[in-house]
Amino acid sequence: MKIIEKPADWPADEATAIAVQDELRTRVVLDEPGPPPSSGLVTGVDVAYDDERDVVAAAAVVLDAVTLDVVEEATAVGRVAFPYVPGLLAFREIPTVMAALASLTRDPGLVVCDGYGRAHPRRFGLAAHLGVLTGLPVIGVAKNPFVFTHAELGPRRGDVAALLADDGEEVGRALRTQDGVKPVYVSVGHRTGLDNACAHILALTPRYRLPESTRRADRLCRRALIEATA
DNA sequence: GCGACAG
DNA sequence: ATCTTGTCGC
């Protein structure tokens, strides 16, 4: 399979990457509610790394939002496009993620990715970045609160608490997806509302803490990395 | 000034 | 993200 290289104009240092974020962030659309939950298609994306070989594998798995059945899968393998810097995660993996999305034969519908959208130091995390570059509705789901804080939330599935920035803005939501488990952190990326995003994530977590979409994508990209590395 | 810090 | 054994629990 072809190796996805980073674009020729890809940022080479942190200062340039931050400048790119500050330019692209103006194109995020936040006033659309997005697709209603439990309808249409939902596509999970995830990546796996082999830092030794500088390789990243991305997977996109399309699910039927009602049955959660897999409708289509796609993978792409690329070169790691940027070092890991908190706040600049998107620059590592976006070219390869976009290649995986582009090789799908149908519209991905709503995209769910690991990490953050608006819950980001400059309000432009991976989910927002991916949304602006693809034009698709995207939401971000992370496993920890990063630099943000939230009040304690109830112990039951569906309980929520606002994820707050220093200035008091609600940049996302801590959402309990199963009774008694650690919450996940949901934030909108592009062309979706926070209420809708949380409803989608609840619909995608009938059994486990993490959405079915990311669990499927996680397994697939790990498999793709092993096959590409072998 | 020094850490901490999505994946 | 990734490196990794056993262990607790449904």
Side-chain angles (χ1 to χ4, degrees), chain A residues 4 6 11 14 17-18 20-21 24-25 28 44-61 75-98 100-101 111-132 138-150 157 163-166 171-175 177-190 194 197 201 206-211 213-226 228-230:
Chain A
I4 306 301
K6 62 187 174 190
E14 296 186 22
I18 289 171
V20 169
Q21 289 183 329
L24 291 180
R25 62 185 294 186
V28 174
V45 298
D46 194 17
V47 298
Y49 296 103
D50 184 331
D51 280 313
E52 290 295 294
R53 309 191 191 200
D54 211 44
V55 166
V56 55
V61 180
T75 61
V77 176
R79 202 116 290 162
V80 176
F82 205 82
Y84 173 67
V85 180
L88 301 178
L89 175 64
F91 294 95
R92 267 173 92 65
E93 52 192 61
I94 268 198
T96 306
V97 167
M98 289 188 67
L101 282 171
V111 176
V112 177
C113 64
D114 282 28
Y116 287 112
R118 219 175 141 61
H120 176 275
R122 288 170 295 283
R123 305 293 184 272
F124 195 69
L126 172 62
H129 202 144
L130 188 60
V132 167
V138 184
I139 65 184
V141 178
K143 305 172 197 70
N144 65 62
F146 200 13
V147 297
F148 301 101
T149 59
H150 63 84
R157 166 173 157 85
L163 189 62
L164 300 173
D166 292 334
V171 294
R173 212 163 273 167
L175 171 66
T177 56
Q178 298 296 328
D179 292 354
V181 305
K182 284 176 34 177
V184 299
Y185 300 87
V186 181
S187 62
V188 305
H190 186 59
L194 190 51
I201 297 309
R207 171 88 172 99
Y208 300 100
R209 177 169 92 111
L210 297 180
S213 45
T214 71
R215 300 184 71 248
R216 291 326 232 291
D218 181 76
R219 279 194 316 177
L220 183 56
C221 70
R222 290 192 197 218
R223 192 157 45 85
L225 181 64
I226 290 173
T229 292

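Residue numbering restarts at 1 for every chain, and letters A, B, ... go by the order of the sequence lines.
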A side-chain contact here means heavy atoms from C-beta on lying under 4.5 Å apart; do A/Arg92 and A/Val80 qualify?
yes

Start and end of chain A contact along DNA chain B [non-hydrogen atoms, under 4.0 Å]
B/dC5 to B/dG7

What is the distance from CZ of A/Phe82 to C1' of C/dA1, rounded to the nearest Å?
17 Å

Identified stems (criterion: three or more consecutive Watson-Crick or G-U pairs, under 3.5 Å), DNA chain C:
none

Tell me, do A/Leu164 and A/Phe148 make a side-chain contact under 4.5 Å, heavy atoms counted?
no

Can you tell whether the side chains of A/Asp114 and A/Lys143 come within less than 4.0 Å, N to carboxylate O?
yes

To the nearest Å, give me how far apart CG (A/Asp51) and P (C/dC3) are.
10 Å

How is A/Ala119 classified with respect to the nucleic acid when contacts are heavy atoms under 4.0 Å: base, sugar-phosphate, or nothing?
nothing

Using only atom types and a distance under 3.5 Å, with no angle test, would you say the side chain of A/Arg53 pairs donor to acceptor with the backbone of A/Thr229?
yes

Do A/Cys221 and A/Thr75 come within less than 4.5 Å of each other through their side chains, counting heavy atoms only?
no

Is there a side-chain contact between A/Ile201 and A/Val141 in this structure, where contact means two heavy atoms from C-beta onward sitting under 4.5 Å apart?
yes

Starting at atom CD of A/Glu93, determine the distance to atom C1' of C/dA1, rounded to an integer number of angstrom.
9 Å

Side chains of A/Leu225 and A/Tyr49: closer than 4.5 Å at any heavy-atom pair?
no

Expressed as a whole number of angstroms, how long is the span from A/Asp50:CG to C/dT2:C1'?
10 Å

Quick one: sort the A/Phe146 and A/Tyr116 rings into parallel, tilted or perpendicular, breaks at 30° and 60°.
parallel

Is a donor from one side chain sitting under 3.5 angstrom from an acceptor on the other, for A/Gln178 and A/Arg209?
no

Identify the stems formed by DNA chain B, where each pair is Watson-Crick or G-U wobble with both distances under 3.5 angstrom and a stem is at least 3 consecutive pairs.
none

Considering only heavy atoms from C-beta outward, does the side chain of A/Arg25 approach that of A/Val132 to under 4.5 Å?
no

Closer than 4.0 angstrom, basic N to acidic O: yes or no for A/Arg223 and A/Asp218?
no

What is the distance, to the nearest angstrom, from the CZ atom on A/Arg207 to the P atom on C/dG9?
16 Å

Tell me what A/Gly140 touches on the nucleic acid: a base, only sugar-phosphate, or nothing, going by heavy atoms under 4.0 Å.
nothing

